[in-house]
Amino acid sequence: MAAWYDQAIIYQVYPKSFKDSNGDGIGDLTGITEKLDYFTQLGVNTLWLNPIFRSPQVDNGYDVSDFYAIDPQLGTLADFKALIEAAHRRGLRIVLDMVLNHTSDQHPWFQGALQGPKNPYYNYYIWAHGADGQLPNNWGSFFGGSVWAQHPTVADRYYFHLFERRMPDLNWHNPQVRQEMTKVANYWADLGIDGLRLDAFIHLAKADLHQNYPSDGADPVVAEGMFANLPAVQPYLAEFVAGVKANHPDLFILGEAASATVNLAADYTRPAANMADAVISFRYFPTKPRAKRDAVPADYQPQRLDWLAFRQVMTDWQQTLLPPRRLTLYWGNHDMARVATRMGSHRYPQQSAKSLATLMYLQRGLPVLYYGDELGLSNGTLASLAAFGDPTVTAFANAAKAAGWSSERILENVNATHKLTARAPLPWSDDIGHGFSKVAPWLAVSQDGTPVSKQMADPDSVWHHYQQLFALKQTPLFTRGNWQLQNWAPWLYAYTRTLGVETALVVVNISDTRHTVTVPRAWAQAPVQQLTVGAVHQTAAELTLGPWSSAVLTIKKGSK
Ligand code: NOJ
Ligand code: CA
């Protein structure tokens, strides 16, 4: 049976950067409520909000200190209820971001756990002993350094953190932890939310901690084999989801599965297994290998998408996650540079923004749009490396300096690749503070880009392209139709969608150059051409596309 979320078009709201309603420079829940008509005008029907729970904001809300409270910076429970009510009145669904793998070190559970093994919360976290100042093992954290942090007062006692050191991992082996987290999810589901985005769920299980991961150096190593996608994740996830869906069978479970391969994604979305209804993997964007002689680490250097590998990845995912499984379709999120910066053309920014959108979102799957991408925004800029407050940036800068890079070049590279510069306040207008806030925003980032007000008034804007694209996406051909890649030329990304007698061909020139391709007879001068971007010219045997041009051609069997 089809679920409501089979029709979902998801807009990811980064609450702190969306709209400030009370003039403190921080976006908030009331700001979102004020702008609800914006979403219906654009044509999305589901909002995913990055975490809104009480948090010291070490990791912008992914460090939760109270799962039952709204962060005061973002508003109150009353504001949240008002948002849900107003959203539902407009037919908009709300998906909350739920952090399962860790808490803030300020969470009362962790504060209790610090008291020692006799405290009932000690086993809510993961502890190990080091010997004589040695760390328990050599595993590395995603945020740099070791996964182990020393207990503040007890020698040789360490707690485990995969992310920032102030974000200790929960011990999912402990049934009480699993029950508590199910209780949290039910609390919010009872308040009427429509779905949960499960943060980092693939890390819930860890291997035996008493072993090093093979490595050729002394530095900690990010040992994904020890803490990502282990088989025990699946029963943990299934127990959690069953515990929430028992009372809320329509709740949409969107899992963040950053390093999941396509086959793992198929496992996590096994029909009727009470796991995820869809997952978001970060494996969609293979990049070209870098030159071997480059001594500077890759992390903050722009990488070029390998288009052939990308076509192969899309084909693998489309053909493996066949219905009733679902795919997600996205170009970016708060953890990566914006699509316009990573993938867009400098010569054709408008056309590439539109054509990239067509390319991605008319495929089979659920669109997930990162706020601001509907304006074609690129990464903003921070004025200094220090403003990133990120030790991995410092490490990169040191290596780049040693290799002779100038400070300007280092900063430019970090601005173009960092996740923080993709989290700038949304420009609503040309008014003071871009219509986002009357005061300086929480993040001192400068952001170019045409604001919402201007784009909504311009029928040729990127915004209007998205509006038309989403209207088309809602039709049965583009929600349910079969997908097949058409590998006709390296400069062309083309695929067909077929449902019954109707077939659409989506063609996108992914280059800065005009090109012509010979097309199969069926496509010669296809009668319907929609959503055209740039110059698209059809003849009896050929299709010519200008730089970053694209179109949707449709034929019905028997129409020729
Ligand atoms: C994934 C989130 O998307 C990211 O922003 C966060 O830092 C980590 N999980 C830790 O919660
Ligand atoms: Ca505010």
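Every number for a ligand or one of its atoms is a count from 1 in the order of the listing.
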Partner set under side chain to side chain contact (heavy atoms under 4.5 Å, CB included) for Y187, not counting sequence neighbours
Y68, L77, L191

Do any nitrogen or oxygen atoms of K419 come within less than 3.5 Å of a nitrogen or oxygen of ligand 1?
no

Using the side-chain hydrogen bond (donor to acceptor under 3.5 Å, both in side chains) criterion, which residues pair with Y11? Sequence neighbours excluded.
E374

Under 4.0 Å, heavy atoms only, figure out whether ligand 1 is touched by the backbone of F201, its side chain, both or neither.
neither

Qualifying residue, where the test is side-chain contact (heavy atoms from CB on, under 4.5 Å) with Y124 and the options are D169, T103, N119, N174
N174

Atom 1 (C) of ligand 1 [closest protein heavy-atom partner, distance rounded to 0.1 Å]:
D199 OD1, 2.9 Å

Go through ligand 1 atom by atom and flag the ones less than 4.0 Å from a non-hydrogen atom of H102.
10 (C), 11 (O)

Parallel, tilted or perpendicular: which describes the rings of W109 and H107, with under 30° parallel and over 60° perpendicular?
tilted

Provide the number and element of each atom of ligand 1 under 4.0 Å from a heavy atom of E256.
1 (C), 3 (O)

Are H334 and Y62 near enough that their ring centres are under 6.0 Å apart?
yes

Identity and distance of the protein heavy atom lying nearest atom 6 (C) of ligand 1
D59 OD2, 3.3 Å

In terms of side-chain geometry, is the basic nitrogen of R165 or D63 positioned less than 4.0 Å from the acidic oxygen of its partner?
no

Who passes salt bridge (charged side-chain N to carboxylate O under 4.0 Å, His left out) against K245, sequence neighbours left out?
D277

F143 near ligand 1 by a heavy-atom separation under 4.0 Å:
yes

Cation-pi geometry met for R342 and F285 (6.0 Å, 45°)
yes

Under a 4.0 angstrom heavy-atom cut-off, which atoms of ligand 1 come close to H334?
2 (C), 3 (O), 4 (C), 5 (O)

Would K35 count as a cation-pi partner of W428, with NZ or CZ less than 6.0 Å from the six-membered ring centre and within 45° of the ring normal?
yes

What residue and heavy atom of the protein are closest to atom 8 (C) of ligand 1, and at what distance?
F163 CE2, 3.6 Å

Using only heavy-atom distances, determine whether the side chains of D373 and Y466 contain a donor-acceptor pair under 3.5 Å.
no

Sub-3.0 Å protein N, O or S atoms surrounding the Ca ion (ligand 2):
D20 OD1, N22 OD1, D24 OD1, I26 O, D28 OD2

Examine the proximity of ligand 1 to H203 and report which part, side chain or backbone, both or neither, has a heavy atom under 4.0 Å away.
neither

Closest to atom 3 (O) of ligand 1 among protein heavy atoms sits D335 OD2, 2.5 Å

Start with the C-alpha gap between F80 and W188, add the side-chain angles, then the distance that decides, and say whether ring-ring contact (aromatic ring centres under 6.0 Å, His included) holds.
CA-CA 11 Å; F80 175 74; W188 293 101; 5.1 Å; yes

